[in-house]
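Here is the structure we will look at, set down as structure tokens.
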There are 2 protein chains.
Amino acid sequence: MAERKRPKPGETREKLMNAALTLVGKGRHFASLGIREVTRQAGVVPTSFYRHFRNMDDLGLQLVDELGLVLRRMMREARANVLQADKLIDESVGIFITHAQNNRAFFMFMAQGLAGESRAVQEGIRSEMRFFASELANDLRRLKLADHLSDADLDLTCDLVVRSVAFSLTDILTISPDDEYQEEQVRKRTARFLQLIFVGAANWKSQP
Amino acid sequence: MAERKRPKPGETREKLMNAALTLVGKGRHFASLGIREVTRQAGVVPTSFYRHFRNMDDLGLQLVDELGLVLRRMMREARANVLQADKLIDESVGIFITHAQNNRAFFMFMAQGLAGESRAVQEGIRSEMRFFASELANDLRRLKLADHLSDADLDLTCDLVVRSVAFSLTDILTISPDDEYQEEQVRKRTARFLQLIFVGAANWKSQP
DNA sequence: CACATTAGTGAACACTTGTACACATCAGTA
DNA sequence: TACTGATGTGTACAAGTGTTCACTAATGTG
């Protein structure tokens, strides 16, 4: 008979989420994935899907949560490694790009989700970005790098930084993962974007 | 018998492209659209599709071309209406947002395409954005607003401006089309982003 | 140990999908 | 006027889709 294996609880769930990510990583768009396709990729029978998710949107939402974990891990690493303020931008961009390369599928999913068809996923990703921006603002305050800015203006600046980096994400994801030259170009350009923004912030006069 | 109407040449093609746009405008993702679905929405028999397009990617590519026209129309209007330099940012952002609202489906398609699954569409949209940025650079040069910047730095600035505006696009498209309050918020925030960037550019020192 | 719960399977359903083929109608041209 | 090419329609089919149902094996709890 067919041998019924007893996987650890949550194993199949994870297999399904990984399968979806794998397909996205191969260039497919999340919105075009079907239940059968995902289960096939996961090596699981279609019905198993419903044991863990209502539908594909549900799976997407749970992916957003995991994405949050990846981002937090990244922030922690950045905070641990960025010691001197003058290398702050280059270091941070470097860490970000490295993470993007190491979690390609995840970040592809994120880039897709920003204009995706599930409102909930969209809102989830936006929420992650807001969190990221506010953490960045905290760090800048703590490092005394933005003392002349009002809270609102610091918030504005950090939002713009996060958006710029997020947009660079789409640059990174379109180049081949091992095209080091192009990666270096994106890295440099992103860093210059941020420098430009910070020069703007440094010369910004917060008006009442 | 079924009356066979003789539409003007290209009429069905247009109907199909509009049908796809309509579906995208309703919140669907372009990557998830099928040939039958589009022809159904267009009120045309499925086989007609192949008279005009190879497949959905092909249709997407032709949509990108039309998107280019929309963008050019927008630029022309902006150039005609922006007279005084001090209102430049606010006016331009206003024109952009108005166009985005009036061509919601088109710009949704653009936002989706940036991380879409067709490499060609992706590249097409990027190319439109590059064109847009280079035109912006020309205008700034012509208006003598960027004399202290090297070509490369001006290019960098304009690229960042275009990216920021493009990102604001995703903000506009998630709010309801007639929520004037939120629209005003996005308008203001986008304008401040650009001011921040231009302050940065004004205080930028181009190094050799 | 018995038993409820959980997480897997396979077969079946009613639809939908992309694509192919043969045919019909018009527009323009020789 | 007759031919040709472009564009439309209808039918057909094999393959794929989401979802339901009844069944089974392992797990944890009383």
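Numbered from 1 within each chain, the chains take letters A, B, ... in sequence-line order. The structure displayed is predicted, hence computed values, not measured ones.
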Picking from D:dT9, D:dT19, C:dT19, the nucleotide nearest the side-chain atoms of A:Arg36 would be D:dT19
Of the candidates D:dT17, C:dT9, C:dC21, the side chain of B:Thr47 sits closest to C:dC21
How long is the line joining CG of A:Asn55 and C1' of D:dT20, in whole Å? 16 Å
Mark yes or no: A:Arg187 above the aromatic ring of A:Phe96, with NZ or CZ under 6.0 Å from the six-membered ring centre and no more than 45 degrees from the axis. no
Within a reach of under 6.0 Å around CZ of B:Arg54, are more than 12 heavy atoms found that belong to other residues, nucleotides or ligands? no
For A:Arg40, answer base if it contacts any base atom (sugar-phosphate contacts may also be present), sugar-phosphate if it contacts only those atoms, and nothing otherwise; contact means non-hydrogen atoms under 4.0 Å. sugar-phosphate
Rounded to whole angstrom units, what separation is found between the CZ atom of B:Phe53 and the C1' atom of C:dT19? 17 Å
Closest to the B:Tyr50 side chain, choosing from D:dT19, C:dT19, C:dG10: C:dT19
Tell me whether the rings of B:Phe109 and B:Phe30 are parallel (<30°), tilted (30 to 60°) or perpendicular (>60°). perpendicular
Got a sec, which pairs hit salt bridge (charged side-chain N to carboxylate O under 4.0 Å, His left out) with one end in residues 96-122 of chain A, sequence neighbours left out? A:Glu117-B:Arg28
Quick one: B:Phe49 CZ to D:dT7 C1', roughly how many Å, whole number? 15 Å
Describe the nucleic acid contact of B:Arg54 in one word from base, sugar-phosphate, nothing, applying a heavy-atom distance below 4.0 Å. nothing
Roughly how many Å is it from NZ in B:Lys15 to P in D:dT7, rounded to a whole number? 14 Å
Gap between atoms CD and P, on A:Glu37 and C:dT16 respectively (whole Å): 20 Å
Rounded to whole angstroms, how far apart are CE on A:Met56 and P on D:dG18? 8 Å
A:Glu11 CD to D:dT27 C1', straight-line distance once rounded to whole Å: 15 Å
Just how far, in rounded Å, is P of D:dT7 from NE2 of B:His52? 6 Å
